[in-house]
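Everything below concerns the one structure shown next.
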Amino acid sequence: MTHDQPEEMTEYSLRELLTPAPAPAEPDGFDAFWRATFEEFGAGPVGWRLERELAPTDAHRITEIRFDSSAGEQAVAYVMVPHASEAVRRGLVVGHGYGGRTGPDLDRVPADTAAIFPCAPGTHTGVDSRFPATPDQHVLAGIEHRDTYSHRFTAADLWRAATALLDIAPTASDALDYSGGSFGGGIGALALPWDARFRRAALDVPSFGDHTIRLSRRCTGSGEAVRQHLRAHPEVRSVLDHHDAAIAARRLRIPTLVSAAVLDPAVDPRGQFAVYHALPGSRRLSVRACGHLDGEIGQLSDRLALQDNIDFLALPDDRLA
């Protein structure tokens, strides 16, 4: 290891990653905090309105909507609904990475699926927000208290996006799934244990798994801003514990696929595997050679992980065992 090759590029052996590390300690009141958050933001109706029509595909009508965010502002989401309403067999909520989104991911949505692609509070430039859009600022917004932290509202908006989707395509409730990567993978792990409407989950290179690990080394992602902030403000450590994806994953009972990388400069592989190891129920692991890497190898790894994600969500129930 040299100064030109910083520690964040460390590649772990698969043998090491497949051995569960000691589970992170849970803060007092973790379950009560998240149940109360769901009751406040996820249990009731959600107001939404059509903003504009987008170019359709052969299989789907595509729209942009605004819905009432848990943060007390308007949130943006993109919705794909099959042209024939009777064709809807499944529903899908798709989280995004800290790069944000400006439209739906067309290749994620099968012809029989109605899907919603919500934008996390503050990450869409088309609406005003009290949260900043840049990852290094968003990840610290409201970190002074567990009730005001940006990740709490991002998780809550996944519930609210699901409600909006089921208003638009009610039959999607028969098989409602979640898919999210990186930031969206970690937020998905936080949100899903408390919402009984979801059937399955696919979490790709999930962030926020085991903050003790996350804070122990440099990285190229938003975690570095958190690590630096904690040096000056150690009192906010308990806020992070209430937003730990590996702790939340212990409560996740639905069949879940975790795609985890052995090399990742942005999200520590040990934290990704910690989310997988924490799952108590039906689970699958897809091992990626790398995550969050540019170039041909990184793009290939992303494509393979996406196909694993799509295949897992499409499996018949009797093939999950």
Side-chain angles (χ1 to χ4, degrees), residues 27 29-30 33-34 36-38 40-42 46 66-77 93-102 117-162 178 180-195 203 205-211 214-215 219 221-248 266-267 271 275:
F30 184 90
F33 166 70
W34 280 106
T37 298
F38 181 78
E40 182 176 0
F41 298 123
V46 174
R66 300 287 190 270
F67 68 92
D68 296 336
S69 169
S70 60
E73 56 196 42
Q74 288 291 286
V76 176
V93 179
V94 186
H96 62 76
Y98 247 148
R101 64 163 45 110
T102 56
F117 296 77
C119 300
T123 62
H124 193 283
T125 57
V127 293
D128 294 331
S129 176
R130 58 194 173 97
F131 294 110
T134 57
D136 287 355
Q137 294 177 325
H138 192 278
V139 77
L140 298 178
I143 201 171
E144 297 78 18
H145 195 278
R146 66 180 188 179
D147 289 343
T148 60
Y149 191 31
S150 60
H151 291 183
R152 178 179 184 240
F153 298 103
T154 303
D157 273 9
L158 294 183
W159 306 324
R160 298 175 77 80
Y178 177 79
S182 191
F183 173 66
I187 293 295
L190 291 173
L192 293 173
W194 323 104
D195 191 338
L203 310 176
V205 289
S207 190
F208 321 127
D210 194 338
H211 283 290
R214 186 172 181 240
L215 296 169
C219 71
S222 64
E224 184 61 18
V226 176
R227 193 174 73 89
Q228 296 294 338
H229 185 79
L230 263 288
R231 290 181 172 181
H233 302 280
E235 69 277 5
V236 305
R237 184 65 174 81
S238 65
V239 174
L240 296 178
D241 290 338
H242 280 91
H243 297 82
D244 191 310
I247 294 175
V267 179
V275 174

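In this text the structure is predicted, and so the values were computed from the model without any measurement. Along the sequence shown, the residues carry numbers beginning at 1.
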Is the shortest side-chain heavy-atom distance between [X] and [Y] below 4.5 Å?
| X | Y | answer |
| --- | --- | --- |
| V226 | L230 | yes |
| F208 | V275 | no |
| H151 | V139 | yes |

Quick one: pull up [atom1] in [X] and [atom2] in [Y] and give me the separation to the nearest 0.5 Å.
| X | Y | atom1 | atom2 | answer |
| --- | --- | --- | --- | --- |
| Y98 | T123 | OH | OG1 | 9.0 Å |
| R214 | E224 | CZ | CD | 10.0 Å |
| R231 | L215 | CZ | CG | 10.5 Å |
| H145 | R152 | NE2 | CZ | 9.5 Å |
| L192 | L158 | CG | CG | 7.5 Å |
| S70 | F38 | OG | CZ | 12.5 Å |

Atom pairs and distances, side-chain donor-acceptor, residues 240-248, under 3.5 Å, sequence neighbours left out:
{"unit_1": "D241", "atom_1": "OD1", "unit_2": "R237", "atom_2": "NH1", "d": "2.4"}
{"unit_1": "H242", "atom_1": "ND1", "unit_2": "S238", "atom_2": "O", "d": "3.0"}
{"unit_1": "H242", "atom_1": "NE2", "unit_2": "D28", "atom_2": "O", "d": "3.3"}
{"unit_1": "H242", "atom_1": "NE2", "unit_2": "R146", "atom_2": "NH1", "d": "3.0"}
{"unit_1": "H243", "atom_1": "ND1", "unit_2": "V239", "atom_2": "O", "d": "2.8"}
{"unit_1": "D244", "atom_1": "OD1", "unit_2": "D210", "atom_2": "N", "d": "2.9"}
{"unit_1": "D244", "atom_1": "OD1", "unit_2": "A246", "atom_2": "N", "d": "2.9"}
{"unit_1": "D244", "atom_1": "OD1", "unit_2": "I247", "atom_2": "N", "d": "3.4"}
{"unit_1": "D244", "atom_1": "OD2", "unit_2": "D210", "atom_2": "N", "d": "3.4"}
{"unit_1": "D244", "atom_1": "OD2", "unit_2": "H211", "atom_2": "N", "d": "2.9"}

Minimum heavy-atom separation for [X] to [Y], with atom names?
| X | Y | value |
| --- | --- | --- |
| E144 | V236 | CA-CG1, 4.2 Å |
| H96 | A120 | NE2-N, 2.9 Å |
| I143 | Y149 | CA-CD1, 3.6 Å |
| D68 | R160 | O-NE, 2.6 Å |
| A75 | S69 | CB-CB, 3.8 Å |
| F183 | T154 | CZ-CG2, 3.6 Å |

Subject >> Test of ring centre spacing under 6.0 Å for W159 and F41 >> reply: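 No.
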Between [X] and [Y], is there a donor-acceptor pair closer than 3.5 Å when you use the side chain of the first and the backbone of the second?
| X | Y | result |
| --- | --- | --- |
| H138 | F131 | no |
| E73 | P121 | no |
| S207 | V267 | no |
| T148 | G142 | yes |
| R101 | C119 | no |

